[in-house]
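To start, the structure under review is shown below, and the notes come after it.
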Amino acid sequence: MKLLEIECLRAGYGQITALFDVDLTLEAGETIALIGANGAGKTTLLRAVTGLIRAVGGAIRFQGQAVSGLPAHAIAALGIAMVPEGRRLFPSLTVEENLLMGACSGRHGPWTLERIYTLFPVLRERRAHAGTMLSGGQQQMVAVGRALMSNPRLLLCDELSLGLAPTVVKDIYRTLASVCGEGISLIIVEQDVTQAIQASDRYLCMREGRIVLGGTRAEADRTAISHAYFGS
Ligand code: ATP
């Protein structure tokens, strides 16, 4: 069974339509890179899947169940988690409290505080610090850890590498690869196209609210992607 099926999805903000008839399928265990220029609709697509914005047309099914129209907390409880752009840590909470917020969905599974601290040992050392007092890379670890604490089947990552040093980005992606090995599927949104495609089985390129190109990692062709990305 497909893990995620999106058909003819239309969504936006008030009078603004940001997604036009988007189709996407994701198999269990698969990683997809969602690429595209600023404003292409990548974040909007993630928001629609997580229930943060409501679709105005089309369908979203997760593990065969229709999820469009469900509130965000109900979608999280089904096993979809997001690492949002800019991390969005709770500024008044410590690292550990931020991580525990991820467990509020009530899902049981292998991801516990102990496992997050094993994955990111520096977070154990900083567990009592305010989350926002950490370096950008450490904050990103908290954001990834918080999402994993919900024991998701599908993890949506929005611009993980933004503002981080290349070595930190490499570490975060190495960690994600190990997470995928445990049966979590991923959709990775990235401005860094090379990084995103390298980390994925397939890629989809969006432009102006539509998916305009897609293929496997092996098929990724720079010229075709550049045309699709910029529309030139
Ligand atoms: P970026 O890399 O800049 O985040 P993106 O591909 O994720 O780009 P979206 O953020 O999904 O793009 O934006 C898609 C369209 O929706 C753009 O035209 C954007 O201006 C518009 N948009 C995004 N957020 C809002 C909002 N809160 N209110 C109104 N329009 C919005």
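Read the numbers this way: they start at 1 and go in the same order the structure lists the ligands and their atoms. Predicted, not measured: the structure shown is a model, and the values here were computed from it.
Met149 has its side chain within reach of Leu100: a pair of non-hydrogen atoms, C-beta onward, lies under 4.5 Å apart. Put simply, the side chain of Tyr203 reaches to within 4.5 Å of the side chain of Leu213, judged on heavy atoms. Looking only at side-chain heavy atoms (C-beta outward), Cys205 and Leu34 stay at 4.5 Å or farther from each other.
The line from CE of Met141 to CZ of Arg146 is 15.0 Å long, rounded to the nearest 0.5 Å.
Residue Glu85 has at least one heavy-atom neighbour below 4.0 Å for each of these atoms of ligand 1: 4 (O). Distances below 4.0 Å separate heavy atoms of Ala37 from the following atoms of ligand 1: 6 (O). Below 4.0 Å from some heavy atom of Thr43 lie the following atoms of ligand 1, by number and element: 4 (O), 5 (P), 7 (O), 10 (O), 11 (O). Residue-ligand proximity, Ala18 to ligand 1, at heavy-atom distances under 4.0 Å covers atoms 15 (C), 16 (O). Shown in contact with Gln191 at under 4.0 Å from a heavy atom are these atoms of ligand 1, numbered in order with element: 2 (O). Listed by atom number, the atoms of ligand 1 under 4.0 Å from Arg47 heavy atoms are 24 (N). Which parts of ligand 1 touch Glu159 is read off a 4.0 Å heavy-atom cut-off, strictly below it: atoms 2 (O). Every atom of ligand 1 is numbered from 1 in the order shown, and the set under 4.0 Å from a heavy atom of Ala40 is 5 (P), 6 (O), 12 (O).
The nearest heavy-atom contact from the protein to atom 9 (P) of ligand 1 is Thr44 OG1, 3.5 Å.
A salt bridge links Glu7 and Arg61; the closest N-O separation between the charged side-chain nitrogens and carboxylate oxygens is under 4.0 Å. Checked for salt-bridge contact, Glu182 and Arg115 meet the test: a charged N lies under 4.0 Å from a carboxylate O.
Residues that satisfy the side-chain hydrogen bond (donor to acceptor under 3.5 Å, both in side chains) test with Asp158, not counting sequence neighbours, are Thr43.
In terms of polar-atom proximity, Ile16 is not counted as a contact of ligand 1, lacking any N or O under 3.5 Å from an N or O of the ligand.
Taking 4.0 Å as the cut-off, Gly41 counts as a neighbour of ligand 1 on heavy-atom distance.
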